[in-house]
Amino acid sequence: MNPVLEVDRLAVDIRTPAGTVRAVREVSFSVRSGETLALLGESGCGKSMTAQAIVGLLDPVAHVAGGEVRLDGTDVLTLPPAQRRRLAGPGLSIVFQDALTALNPIQTVGAQLAEPFRIHERLSRRAARERAVELMERVGIPEPRARAGAYPHQFSGGMRQRLLIALAVALHPKVLLADEPTTALDVTVQAQIMELLRDLRTEQQTALILITHDLAVVAEQADHVAVMYAGGIVETGRVADVFAKPRHPYTRGLLDSVPGEVARGTNLKSIPGSPPDLHAVPSGCAFRTRCPLATDVCAEQRPPLAEAGQGRMSACHHWKELADD
Amino acid sequence: MLTFLRRRITSSAIPLVVVILGVFCLARLTGDPANLYLPLSATPEMRAEFAARHGFDQPLLVQFGDYLAQVVRLDFGESLRTAEPAATAVLRAFPATLQLAGATMILAILGAVVVGSWAAYRPNSVADRVASFTSTTAASMPDFWFAIMGVLVFAVALGWLPTSGTVGAAAWVLPVLTLLIRPFGVLVQVVRGAMVSALSAPYIKVARSKGAGEVRVVFGHALRNAAPPALTVAGDLTVGLVNGAVVVETIFGWPGIGKLMITSILQRDFAVLQAAVLVTAVTIFALNIVIDACYALLDSRVRQGVTA
Amino acid sequence: MTLVETPAAIAARRTSWWRLLLRDKFACVAVVILLLVAVSAVVGPVLLGDLAVKQNLRAVNRPPFSLDDGWAFALGSDSLGRSVLARLVVASRTTLSVAIPAVLISLVVGSIWGMWAGYHRGRRESVSMRIADVILSFPSLLLAVVVLYVFSPSALNIILVLAIARIPIYLRAARAESAELQSRLFVDAARTFGAKSWAIIARHVAPTVLPTLFTVATLDFCFVMLTESSLSFLGIGIQPPDMSWGLMVAQGRQVLQSAWWIAVFPGLAIVVTTVSATVLASWARLAMDPGQRWRLTLPRSRRKEVKP
Ligand SMILES: Nc1ncnc2c1ncn2[C@@H]1O[C@H](COP(=O)(O)OP(=O)(O)OP(=O)(O)O)[C@@H](O)[C@H]1O
Ligand code: SF4
Ligand SMILES: [Mg+2]
């Protein structure tokens with residue numbers, strides 16, 4: 001089966017007061033329907049940028065600087081805006097990172113959930129509302145009919161995240177991107193949300209791209225994983241393979257730092273130093289200043305993401321040394 | 001909603017009471033009221049007769065009771081100029097001002113929404129910078145001078161518009177434009193600011209992720225969120241419109257309440273001035289209530305007293 | 001995250017005020033214009049006082065932009081042959097000597113009152129805010145009109161009316177900031193050491209609050225100037241033979257058809273001055289805010305593109 005979404009050498013630039021920097025470089029991966037790909041990386045490595053570039057909703061400061069995003073073989077980046085909007089919902093859909101502010105504070109949630117049906121299926125107000133209530137029921141909002149008339153501030157954080165997921169799956173998207181869907185929530189709610197996402201994926205045969213910095217979530221939920229570091233992908237493969245035998249020193253460092261959780265902003269225990277400032281990414285391999293295996297070639301040549309065994313890739317000149325261990 | 005309105009009505013009634021009290025004090029406590037009511041040329045006999053007739057020889061509290069009774073009955077005495085009841089003169093002038101102010105505010109709000117949103121849509125674009133400069137200038141424009149320049153160009157030099165009168169659409173152009181300029185300038189800035197922050201809010205991205213078109217995003221989502229702050233300012237500006245109305249009506253001979261006030265000042269017609277001030281104060285009071293109600297309708301959080 | 005901190009780091013390298021000002025062309029021009037007005041208000045009347053009142057009946061209604069009658073008539077002459085230029089310069093003193101004291105009085109009274117109210121909270125705060133609401137809910141021109149009816153329209157009375165009308169602006173701003181500060185640690189610490197409340201306000205609250213208040217004052221200067229001009233224009237402000245820009249527009253209006261320049265130039269002077277003050281105020285607002293100051297170190301075209 002062909003992948004439904006292929007991301008090919010995607011690059012994103014941001015304009016900053018101190019000049020333009022590349023926040024995402026040469027990112028490539030693909031997902032198939034009904035599968036989950038985890039995009040794993042520390043805070044600030046460019047996960048959200050990548051996701052927003054794919055759905056075409058980057059902040060005004062950022063823009064796509066190259067690459068392709070193919071949905072069923074067509075490059076969506078070159079589509080005219082109107083056609084691209086037609087894909088937003090049924091084609092590509094996203095659950096944004098910031099669940100607490102992502103709902104419009106002055107519209108009822110019913111109206112907000114009805115909007116996709118109004119826009120894409122041109123349903124009447126009443127019919128769209130009906131679908132919205134069904135949707136609320138599906139994602140586990142109690143008493144959906146009554147609560148459809150309520151405003152976002154009347155819902156708890158977990159409920160708001162459910163509403164956002166409901167919004168994103170309303171039109172049965174081919175690809176759903178979920179940007180850290182559980183970070184703002186407490187542990188029990190996290191588990192419920194993950195379960196909901198998994199059920200929906202199976203039900204709708206959606207390809208799910210799960211963005212996270214939580215290794216446990218990746219291990220439990222994902223089929224494949226792509227590890228990001230400083231705007232680039234350093235390793236991809238099946239979760240079981242990668243976690244059992246990492247073939248990039250960064251991945252290995254991440255795994256070694258468990259059970260000490262990879263919390264936001266904290267440095268990884270087993271990796272000295274911290275991720276580079278985007279203005280001063282080291283030449284050659286971006287990881288070399290922190291890498292125990294670094295050699296001269298690492299400073300001179302940027303390691304491309306290349307085959308590193310059956311069905312896996314690694315962006316390291318010396319991945320074989322890790323494979324041999 | 002009802003409790004909300006009741007709360008607002010009680011709290012905005014205070015200024016009204018203060019104004020009624022203030023006018024009373026001004027009339028009684030600043031020297032001889034006859035100075036205020038009678039022309040400067042009045043004889044001592046006239047003054048004594050006047051004081052007796054209006055009960056100025058009574059104790060203050062009694063006077064205040066009488067005064068309140070008069071206010072409630074809209075009885076402010078007679079105009080010195082025309083000898084008709086002051087209230088009649090004021091109520092006749094009132095609709096003209098109301099029409100002028102209404103037309104101005106509708107145009108100012110519509111214009112500011114269009115220009116402000118357009119500028120906010122692409123912050124720092126050429127359109128935005130032109131809009132910023134124009135609105136800054138407009139907001140700090142002396143309206144009386146703007147009016148005179150309008151007359152100079154469009155009435156005197158080009159002869160397209162009349163210099164005064166209220167008949168026909170052409171007669172409305174200069175008064176409305178003059179009254180509009182400062183509120184418009186301020187509102188453009190407010191709408192722009194509110195729209196810039198609304199358009200960069202997370203829920204806008206969510207709306208786009210549903211495939212919403214730009215019109216829907218800008219007017220359906222962003223503008224509705226930008227409306228409450230803009231509405232507050234619009235309310236303040238409407239109150240301030242009275243300032244402009246005084247100027248505009250004087251220049252264009254518009255038979256409204258502003259012109260009436262200036263005429264009665266210059267002719268020392270206190271009865272009419274007092275009536276005009278009180279009627280204006282009541283209107284402002286009512287307006288504040290209406291604005292608060294709109295605000296609450298727009299934003300459910302205000303209605304429920306939630307601070308989000 | 002490091003990326004976002006970089007601009008703050010740039011701002012932390014304390015760029016001097018002058019450097020910041022020189023980087024902003026608009027703000028520079030505004031400062032130069034305001035200085036020019038200030039200088040002409042201070043030294044102008046001494047140099048040109050006579051010229052402004054000297055009638056030259058052989059040079060009546062001379063059009064501007066001609067040096068045939070000497071530089072004094074560069075901006076034309078009025079119907080009594082007085083130099084418009086000289087009158088403009090002399091009037092700038094009246095205009096400023098009403099606007100500046102009015103702004104200063106309301107600034108001083110309003111901010112001390114506001115800091116006091118915000119520092120003590122409770123009843124003192126709520127009563128103060130109510131008073132501010134009452135004053136603000138009444139159109140300032142109307143207030144001036146009523147007061148100037150009862151008292152004579154002298155410069156002093158105008159200053160007092162305008163000052164009272166604008167006190168609430170500073171009262172509100174100062175209260176908000178000082179209430180916020182009052183809850184902070186360093187104020188608490190000072191209090192535990194037994195410092196007197198006025199000492200704490202003077203030493204800790206005032207320095208933090210004052211920059212904001214100065215920005216507000218710069219903006220309010222426009223408002224006060226415009227109101228004074230309006231009053232003078234309406235004939236209830238500055239009275240002849242004194243000169244003010246608003247009054248000059250009123251005088252020029254009589255001869256608008258034959259000598260447009262008499263009304264045009266004073267109005268232009270008002271516009272240029274008020275726009276300059278507005279531009280300066282918005283520059284100051286950016287410059288005073290540590291979180292925003294770095295934007296001023298960017299070229300204008302890039303300023304708004306980068307989110308903080
Ligand atoms: N609006 C912006 N302006 C400037 N820089 C930005 C902006 N948004 C993001 N960045 C920078 O781009 C880089 C990538 O950000 P991104 O949001 O993709 O990180 P992330 O991997 O999603 O992190 P997190 O786990 O914290 O969400 C970061 O270094 C960040 O500082
Ligand atoms: S390329 Fe070199 S520096 Fe980079 S991860 Fe591999 S060994 Fe380390
Ligand atoms: Mg992110």
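Every chain is numbered from 1, with letters handed out A, B, ... down the list of sequences. These figures come from a predicted structure and were not determined experimentally.
Looking at B:Arg182, the atoms closer than 4.5 Å to chain C (heavy atoms on both sides) all sit in the side chain, from C-beta outward. For chain C, the nearby part of B:Ile262 is the side chain; its heavy atoms alone come within less than 4.5 Å. For chain B, no part of C:Leu219 is nearby; none of its heavy atoms comes within less than 4.5 Å. B:Met261 touches chain C through its side chain: at least one heavy atom from C-beta onward sits under 4.5 Å away, while N, CA, C and O do not. Looking at B:Ser125, neither its backbone nor its side chain comes within 4.5 Å of chain C, counting heavy atoms on both sides.
Between the side chain of B:Trp145 and the backbone N or O of C:Phe265, no donor-acceptor pair lies under 3.5 Å.
The two residues B:Thr250 and C:Arg253 have their closest heavy-atom pair at O-NH2, 4.3 Å.
Between chain B and the residues C:Thr274, C:Thr278, C:Thr273, the largest count of heavy-atom pairs under 4.5 Å involves C:Thr274. Among B:Leu152, B:Thr136, B:Val247, the residue with the largest count of heavy-atom pairs under 4.5 Å with chain C is B:Leu152.
C:Val271 is listed as a side-chain neighbour of B:Pro142, based on a closest heavy-atom distance under 4.5 Å. Under the 4.5 Å side-chain criterion, counting only non-hydrogen atoms from C-beta, B:Ile251 is in contact with C:Phe233. In this structure the side chain of C:Val249 reaches within 4.5 angstrom of the side chain of B:Phe144, judged on heavy atoms.
For the side chain to side chain contact (heavy atoms under 4.5 Å, CB included) test, residues two or more places apart in sequence or in another chain that qualify with C:Leu96 are C:Val37, C:Ala41, C:Ile100, C:Phe221.
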